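Quick notes on the structure that follows.
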Amino acid sequence: MAISGVSLTASSRANLIALQNTSDLLGITQERLSTGKKVNSAIDNASSFFKSQSFLQRASDLNDLKDGLSTSLQTVRAASNAIDGITKIVQQLQGLANSALQTTDTTARSTLATQYNTLRDQLDALVNDATFNGVNLLKSTGSLVVKFNETNTSTLTISGVDLSASGLSVGAAASAFAADSNVNAAISELSTALTTLRTNASTFGTNATLIQTRADFTKALANVLQAASDSLVLADTNEEGANLQALQARSQLGITALSISGQQQSAILRLF
């Protein structure tokens, strides 16, 4: 841009420069108030800007990871709830077996054996229905890999267990419970099955607690990263508001000073 050919007095030029500087500062302050940030780009403060972006990116990765942890937790809880249901079925089977042991009527025992086998089939049906998000941890073919960090260097692998009737070694009612030995064998199988179920329930419960702990940690860490990012770029709106008032007053004074300088030049011209 060509320099203007208009000559200004030293005082007028000084007042003009001061007014231009004040205008620039007003623009910066107004931008900070409108965006809420004191660092809006790398031009404002490269170090703070890129550090803030780094914190934000990791916080975003952790928030994505948190969603995965939530899904994994629900998968494990679904398995735990299914184990509770299987446990109730096994206890009902125990009730039928004990009822058979308390009677010598072969017809009654046969009826109880039929009910026993039907209920045993329901145990398998419950296991088959225990799928969540495509994963069934109550089958030996099921498996879940839980990722604890954004680089996948910290994980937990939960292997499925076979909790079907055959997996629990719970057989059908032998010989329609005709002999006490048949009933006692079933009762023994059911007792062992309950022990297995309780062990697996404890394992899944421990895994669920671990996943919940890591999910809470991930959420807290993401919040810390967000706060760290904000501390680098957010403006103090109270301070910027005070600055705006001061700069507006300075701008008015600058305009007044520039006007006075112009009036002085006009007074000199009136001498001729």
Side-chain angles (χ1 to χ4, degrees), residues 53-94 116-172 189-229:
Q53 289 298 304
S54 175
F55 291 151
L56 279 179
Q57 288 168 1
R58 190 179 180 205
S60 177
D61 290 342
L62 289 175
N63 281 326
D64 291 340
L65 182 67
K66 186 175 63 176
D67 293 338
L69 286 171
S70 177
T71 301
S72 296
L73 180 60
Q74 296 309 317
T75 302
V76 176
R77 284 178 174 170
S80 295
N81 291 336
I83 291 177
D84 291 340
I86 294 171
T87 299
K88 292 177 181 178
I89 289 177
V90 170
Q91 289 171 338
Q92 289 176 315
L93 289 171
Q94 280 184 319
Y116 185 97
N117 291 334
T118 299
L119 192 57
R120 178 181 176 275
D121 292 339
Q122 287 303 310
L123 189 157
D124 286 336
L126 193 156
V127 168
N128 289 330
D129 292 338
T131 300
F132 181 88
N133 196 37
V135 178
N136 192 329
L137 294 176
L138 302 190
K139 292 185 176 182
S140 57
T141 55
S143 180
L144 176 67
V145 178
V146 186
K147 300 174 182 178
F148 287 143
N149 63 11
E150 66 273 29
T151 59
N152 297 334
T153 55
S154 177
T155 61
L156 170 68
T157 299
I158 302 175
S159 299
V161 291
D162 187 359
L163 296 185
S164 63
S166 60
L168 291 170
S169 298
V170 175
E189 290 174 354
L190 294 171
S191 179
T192 301
L194 280 177
T195 300
T196 301
L197 288 168
R198 287 164 183 161
T199 299
N200 282 283
S202 176
T203 300
F204 281 119
T206 298
N207 287 331
T209 300
L210 175 58
I211 295 171
Q212 183 65 66
T213 299
R214 291 304 300 258
D216 292 341
F217 167 77
T218 300
K219 179 180 179 180
L221 182 56
N223 288 337
V224 168
L225 289 166
Q226 180 70 57
S229 173

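For the single chain, residues carry numbers from 1 onward in sequence order. Computed from a prediction, not measured in an experiment: that's the story for all the values here.
Within the 4.5 Å cutoff, the side chain of Leu119 has no heavy atoms near those of the Leu123 side chain. Side chains of Ile211 and Ile158 form a contact here, defined as non-hydrogen atoms less than 4.5 Å apart. In this structure, Tyr116 and Leu190 have side chains that are in contact, with non-hydrogen atoms separated by less than 4.5 Å. Between Phe148 and Leu69, the closest side-chain pair of non-hydrogen atoms falls below 4.5 Å. By the 4.5 Å heavy-atom criterion applied to side chains, Thr131 and Lys139 are not counted as neighbours.
Within the model, atoms NZ of Lys88 and CG of Leu197 stand 13.0 Å from one another, a figure rounded to the nearest 0.5 Å. The structure places CG of Asn149 at 5.0 Å from OG of Ser154, a figure rounded to the nearest 0.5 Å. Distance check: Arg214 CZ to Thr155 OG1 gives 10.0 Å after rounding to the nearest 0.5 Å. Atom CG of Leu163 and atom CG of Leu138 lie 5.0 Å apart (nearest 0.5 Å). The CG atom of Asn117 sits 9.0 Å away from atom CG of Leu93, with the distance rounded to the nearest 0.5 Å.
With Ser72 as the partner, the side chain to side chain contact (heavy atoms under 4.5 Å, CB included) test is satisfied by one option alone out of Asp67, Asn207, Leu144, Val145: Leu144. Considering Asn152, Thr153, Leu156 in turn, Asn152 is the only one that fulfils the side chain to side chain contact (heavy atoms under 4.5 Å, CB included) rule with Lys147.
Asn200 and Thr196 are not linked by any side-chain donor-acceptor pair at a separation below 3.5 angstrom, with hydrogens and angles left out of the test. In this structure, a donor-acceptor pair under 3.5 Å is present between the side chains of Asp216 and Gln212.
A distance-only check finds a donor-acceptor pair linking the side chain of Thr87 to the backbone of Ile83 [under 3.5 Å]. Distance alone, capped at 3.5 Å, is enough to place a donor-acceptor pair between the Thr213 side chain and the Thr209 backbone. The closest donor-acceptor contact from the side chain of Ser202 to the backbone of Arg198 lies at 3.5 Å or more, if one exists at all. Side-chain atoms of Arg120 come within 3.5 Å of backbone atoms of Val170 as a donor-acceptor pair (strictly under, hydrogens ignored). Distance alone, capped at 3.5 Å, is enough to place a donor-acceptor pair between the Asn136 side chain and the Val127 backbone.
Across all non-hydrogen atoms, the minimal contact from Asp124 to Ala165 is OD1-N, 2.8 Å. Of all non-hydrogen atoms in Ser229 and Leu56, the two that sit nearest each other are OG-CG, 3.2 Å. Residues Phe55 and Leu225 come closest through the heavy atom pair CB-O, 3.6 Å. Across Asn63 and Ala222, no two heavy atoms sit closer than the pair OD1-CB, 3.8 Å. Looking at every heavy atom in both residues, Gly142 comes nearest to Leu137 through C-CD2, 4.4 Å. In terms of heavy atoms, Glu150 sits closest to Asp61 at CB-CB, 4.0 Å.
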Practice item. May I have the step-by-step check of side chain to side chain contact (heavy atoms under 4.5 Å, CB included) for Val161 and Thr203, ending in yes or no? Key: CA-CA 11 Å; Val161 291; Thr203 300; over 6 Å; no
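By the 6.0 Å contact criterion, NZ on Lys219 is open, its count of non-hydrogen atoms from other residues, nucleotides or ligands being 12 or less.
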